[in-house]
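For reference, the structure discussed in these notes is given below.
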Amino acid sequence: MWIKRTFKWIGLTLLGIVGLAAIAVILVYILMGRDLARSYDITGEDIAVPSDAASIEEGQRLAQLRGCSGGCHGRTTTGGVMIELFDGTRVVAPDLGELAARYSTKDLERAIRHGVKPDGTSVLRIMPSEMLSTLSDRDLGLILAYLRSQPAGEQTLPESRYGPVARVMGFFFKRKFGSLLAAEVIDHQHSPPPEPSDEEAYGRYLANTVCTECHGSDLRGSPDGSTPSLAVVLAYSREDFETLMRAGEPLGGQELGLMAGVARSRFVRFTDDEIAALHGYLSSPDNWSD
Ligand code: HEC
């Protein structure tokens, strides 16, 4: 008799735990759904988009440096499924040629620099709008010129969607690292920077619009510790830095991971002047004091 009762209590306790867990997942699902559906009232800006061949070529280089081409959006800009999970989650990087043909310049500016889609909802922070919000009108115009020159890809991509596992992961990510939504963390009042007036300003601009994607918005390393503070460049001579940017080989010669690939596929497109400006800015002790 007592054995039967014990089993009954164990069963009920387990059922209770499973029930509570299910309620927690449903609550998180609804909460995250509210986040994803939140609308932002931001007006896009109409910037000049050139269409001559030289601008398109320079736009391609700027897009490659920032990973708009040859990064998350596929080998060029045709997009693809970035993440797929067993719970039905699918994170899709859109086809940028198709998007650039369909969206107005204002809509593109708003999506890229403010992280807000034409329907008013935010892009996830996987899309580095936080970094791209600091792009100058000129550089964004050139990147749009290149995207507008790209044909739409052959394939029709599916929509992104987020299953329960992704939402629960997102819930914990949000508690640890802040919002998952780009529009939430961007300063929308921030005006685009003027053309850099000297080498120091140019170096700062390049670091802010290329390196912050992975090295944190203050360049002092990502919050999860996967990338170091760029204060390490204090130890790099101009030549060492050039070898890192062009060949992906760091001081000390060890084999890097992601950074090596990013340097070889994207940063080889930096000009000598850009490398000098970046090195000058990152290796100046004044920029790291406080
Ligand atoms: C796509 C992500 C990504 C971007 C963009 C990126 N880095 Fe990195 N970087 C990394 C990672 C990850 C590491 C850590 C080493 C590794 O895993 O490859 C790293 C390491 C480094 C290091 C340390 C090398 C050493 O001595 O150990 C330096 C310096 C560096 N990056 C400079 C830069 C600069 C300058 C830029 C901008 C021009 C930049 N990175 C942009 C991902 C990135």
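Numbering starts at 1 and runs along the sequence shown. Atoms within a ligand are numbered from 1 in the order they appear, just like the ligands themselves.
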Could you state the interatomic distance from CD (Glu109) to CG (Leu132), rounded to the nearest 0.5 Å?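 It is 11.0 Å, given to the nearest 0.5 Å.
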What distance separates Leu108 CG from Arg113 CZ, expressed to the nearest 0.5 Å? 11.5 Å
Contact with ligand 1 for Leu65, non-hydrogen, under 4.0 angstrom: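 Contact check Leu65 vs ligand 1: negative.
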Below 3.5 Å, can you tabulate the donor-acceptor pairs from side chains in residues 82-90 to any protein atom, sequence neighbours excluded?
| unit_1 | atom_1 | unit_2 | atom_2 | d |
| --- | --- | --- | --- | --- |
| Asp87 | OD1 | Thr89 | N | 3.1 |
| Asp87 | OD1 | Thr89 | OG1 | 2.7 |
| Asp87 | OD2 | Thr89 | OG1 | 3.1 |
| Asp87 | OD2 | Val165 | N | 2.7 |
| Asp87 | OD2 | Ala166 | N | 3.2 |
| Thr89 | OG1 | Gly163 | N | 2.8 |
| Arg90 | NE | Glu159 | O | 3.4 |
| Arg90 | NH2 | Glu159 | O | 3.3 |

Is Glu98 salt-bridged to Arg102, cutoff N-O under 4.0 Å?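 A salt bridge links Glu98 with Arg102.
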For the pair Glu130 and Arg125, find out whether any cationic side-chain nitrogen is under 4.0 Å from an anionic carboxylate oxygen. yes
Closest approach of any protein heavy atom to [atom], naming residue and atom:
atom	value
atom 16 (C) of ligand 1	Gly257 N, 3.4 Å
atom 27 (O) of ligand 1	Gln254 NE2, 3.7 Å
atom 29 (C) of ligand 1	Leu244 CD2, 3.3 Å
atom 15 (C) of ligand 1	Leu256 CD2, 3.9 Å
atom 24 (C) of ligand 1	Tyr236 OH, 3.4 Å

I'd like to check [X] versus [Y] (side-chain heavy atoms, cut-off strictly below 4.5 Å). Are they in contact?
X	Y	value
Leu180	Met32	yes
Tyr146	Leu62	no
Pro193	Tyr205	yes

Ligand-side contact atoms (ligand 1) for residue partner [X], heavy atom cut-off under 4.0 Å:
X	answer
Val210	5 (C), 38 (C)
Leu282	35 (C)
Phe270	38 (C)
Glu213	5 (C)

Among Arg110, Glu184, His188, which residue meets the side-chain hydrogen bond (donor to acceptor under 3.5 Å, both in side chains) test with Tyr40?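 Testing Tyr40 for a side-chain hydrogen bond (donor to acceptor under 3.5 Å, both in side chains) against Arg110, Glu184, His188 leaves exactly one candidate, Glu184.
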What count do you get for protein N, O or S atoms closer to atom 8 (Fe) of ligand 1 than 2.8 Å?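 Under the 2.8 Å cut-off, the count stands at 2.
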N/O donor-acceptor pairs under 3.5 Å from side chains in residues 225-233, not counting sequence neighbours:
| unit_1 | atom_1 | unit_2 | atom_2 | d |
| --- | --- | --- | --- | --- |
| Ser226 | OG | Ser222 | OG | 3.2 |
| Ser226 | OG | Asp224 | OD1 | 2.9 |
| Thr227 | OG1 | Cys214 | O | 2.6 |
| Thr227 | OG1 | Ser222 | N | 3.0 |
| Thr227 | OG1 | Ser222 | OG | 3.2 |
| Ser229 | OG | Ala231 | N | 3.1 |

Ligand 1 versus Val233: contacting region, heavy-atom distance under 4.0 Å: side chain
With sequence neighbours left out, which residue pairs that include part of residues 235-255 fulfil the side-chain hydrogen bond (donor to acceptor under 3.5 Å, both in side chains) condition?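 Sorted result for residues 235-255: Ser237-Asp240, Arg238-Glu242, Glu242-Arg246, Arg246-Asp272.
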